[in-house]
Each structure stands twice: as C-alpha cells, then as structure tokens.
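I have placed the structure first, in the form of structure tokens, so that the comments after it can refer back to it.
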Amino acid sequence: MQKETENSAYGTAGASGRLGREFFERDAVTVARALIGTTLVRQFRGTEYRARIVETEAYVGAHDLACHAAKGRTARTETLYLSGGHAYVYFIYGMYSMLNVVTGVAEDPQAVLIRAAEPVAGWNGGPPPDLSGPGKLCRALHITRAQNGIDLTDDALHFLPATGPPPRIIATPRIGVDYAKEWKHELLRFLELGSSAVSKAPRKGSA
DNA sequence: GCATCGATGGTG
DNA sequence: ACCATCGATGCA
C-alpha cells in the first residue's frame with residue numbers, strides 16, 4: 001500500500017462510520033492533508049448540516065511561531081493541549097469564530113484550522129451558503145466558542161471519511177500569519193486542486 | 001481585476 | 001496594540 005493511501009482518510013473510520021480518535025492522534029500535517037475531502041457534520045437545533053472540506057492549515061506546535069501556543073499556555077489556548085480529536089474554537093476580530101481540530105497526543109499543542117468547505121446538506125429552505133473562509137464556515141455551521149473543547153467524535157460535531165477518488169492536494173503558505181517570521185513561508189496550507197470553494201486567498205501552490 | 005480600509009471585541 | 005477575517009469601497 002502506498003503512503004499516500006495510508007495518510008488518507010480511507011479505512012480509518014470506526015464502527016460508527018465516523019473518523020475516530022486514532023485518525024486525529026497523528027501529526028497536524030498528516031491530519032490536515034487527510035481531512036481534505038472528508039465531510040464535516042454539524043448537528044444544531046434539530047438540523048444536520050454537512051459540508052465537504054476543501055481547505056485546511058496545519059499549526060504544528062509551540063515552536064511554530066504562527067501557532068497560538070507559541071505565545072505560551074494561556075486560558076485561551078488551554079484546549080490546544082487536549083488530545084487529538086477535540087475542538088479548539090476561538091473568537092477573533094470581534095466578529096468571527098475559527099474552528100480547529102486538535103491533533104497529536106495530549107500536552108502537544110498542534111491543530112488544524114478548517115478554512116473552507118462545500119455545502120452538502122442541511123440548508124433547505126434557502127440558498128446554500130458560501131463556506132469559503134474560516135469565519136464564514138463557522139457562522140453558517142453555528143460554531144462558536146460554546147464548542148471549544150468538545151469531543152469531535154460526538155454527535156454535535158464530527159467527521160465522515162472521504163469517499164470516491166482521493167482529492168489532489170496542493171500546499172501553499174498559510175494565510176494571515178505574516179507576523180510569524182520564517183514560519184510564514186512554510187507550506188502548511190492545503191487545498192483541493194481545482195475546487196471553487198477554497199477561500200479567496202491564493203489558489204496556486206506546490207503539489 | 002486589484003488594493004485598501006473599517007467593523008468589532010477578546011486577549012495578554 | 002494586536003489579531004489564523006470579511007465585506008465594502010475606490011479605482012482601473
């Protein structure tokens with residue numbers, strides 16, 4: 001079996017059909033790539049919303065100057081130190097929530113930011129929303145700090161494995177981290193090649 | 001198509 | 001003061 005396949009979402013679901021703890025307890029880069037093409041499922045006030053993830057970013061630990069943990073362990077970043085498969089949701093610019101998936105083992109503050117997705121189901125009675133950006137995605141899926149720290153294998157918010165042919169993925173620098181010195185150049189943003197649902201930021205990158 | 005700017009509030 | 005954003009505005 002090829003490494004590309006081992007690193008993908010395929011074959012990693014448990015009996016529940018959801019991505020399980022072992023999927024998330026890997027390094028942030030592996031999880032960031034593997035999440036492309038998976039389905040994010042959000043249950044909120046009796047409606048199940050589904051979206052197919054097309055863009056992620058990896059924040060690889062306290063040594064990564066773009067990672068919130070680089071500034072130390074604080075009240076805000078405490079959930080980054082949970083084990084892989086928990087949500088790290090924070091509030092920024094006075095208006096937006098950002099959804100991250102904590103990865104790796106407990107006490108190692110790595111995470112994957114979910115940046116963009118394609119609406120799949122749940123918005124009946126209206127046009128499908130634009131999920132092409134981390135703030136827009138959280139707004140449409142009703143994700144706020146109330147979900148900070150929740151277990152991403154539970155009903156409220158979880159992931160289903162990718163289906164169909166494996167997505168072609170390219171890597172670019174991360175968005176909005178110009179302050180992060182040499183880390184701003186690292187190719188830690190991952191997008192599905194050709195997707196029209198990725199965020200407005202640059203769509204070119206290396207394979 | 002692009003660059004620039006303001007909203008808005010938690011955080012350390 | 002800063003910020004892992006977004007939508008509006010101006011101009012081409």
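Chain A is the first sequence line, chain B the second, and so forth, proteins listed ahead of strands; every chain is numbered from 1.
- In this structure, OH of A:Y93 is placed 13 Å from C1' of C:dA1, rounded to the nearest angstrom.
- Under a cut-off of 6.0 angstrom, the local environment of CZ in A:R168 is sparse, with at most 12 non-hydrogen atoms contributed by other residues, nucleotides or ligands.
- A:F24 has its ring centre less than 6.0 Å from the ring centre of A:F159.
- Backbone-only engagement by A:M98 is indicated by non-hydrogen atom pairs under 4.0 Å involving sugar-phosphate atoms exclusively.
- Judged by a 6.0 Å distance limit and a 45° cone about the ring axis, A:R145 is positioned over the six-membered ring of A:F91.
- The strand DNA chain B forms stems, runs of 3 or more Watson-Crick or G-U wobble pairs with distances below 3.5 Å, at B:1-7 with C:5-11, B:9-11 with C:1-3.
- Contact check on A:E186 versus A:R174 returns no salt bridge, with no Lys/Arg side-chain nitrogen under 4.0 Å from an Asp/Glu carboxylate oxygen.
- Residue contacts for A:K136: at a heavy-atom cut-off of 4.0 Å it reaches the sugar-phosphate backbone alone, with no base atom in range.
- Interatomic distance, A:E57 CD to A:I175 CD1, rounded to the nearest 0.5 Å: 6.0 Å.
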Check step by step if side-chain contact (heavy atoms from CB on, under 4.5 Å) holds for A:L188 and A:Y59.
CA-CA 8 Å; A:L188 293 174; A:Y59 290 83; over 6 Å; no
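- Backbone-only engagement by A:R76 is indicated by non-hydrogen atom pairs under 4.0 Å involving sugar-phosphate atoms exclusively.
- Note that the first and last nucleotides of DNA chain B, 5' to 3', having any atom under 4.0 angstrom from a heavy atom of chain A are B:dA7 to B:dG12.
- Transitive grouping of hydrophobic side chains (ILVMFWY, heavy atoms separated by less than 4.5 Å) brings A:L141 and A:F44 into a common cluster.
- In this structure, A:Y96 reaches the bases: a heavy-atom distance under 4.0 Å links it to at least one base atom across the strands shown.
- Proximity of A:R115 to the phosphate of C:dT5: a side-chain N or O atom is located under 4.0 Å from OP1 or OP2.
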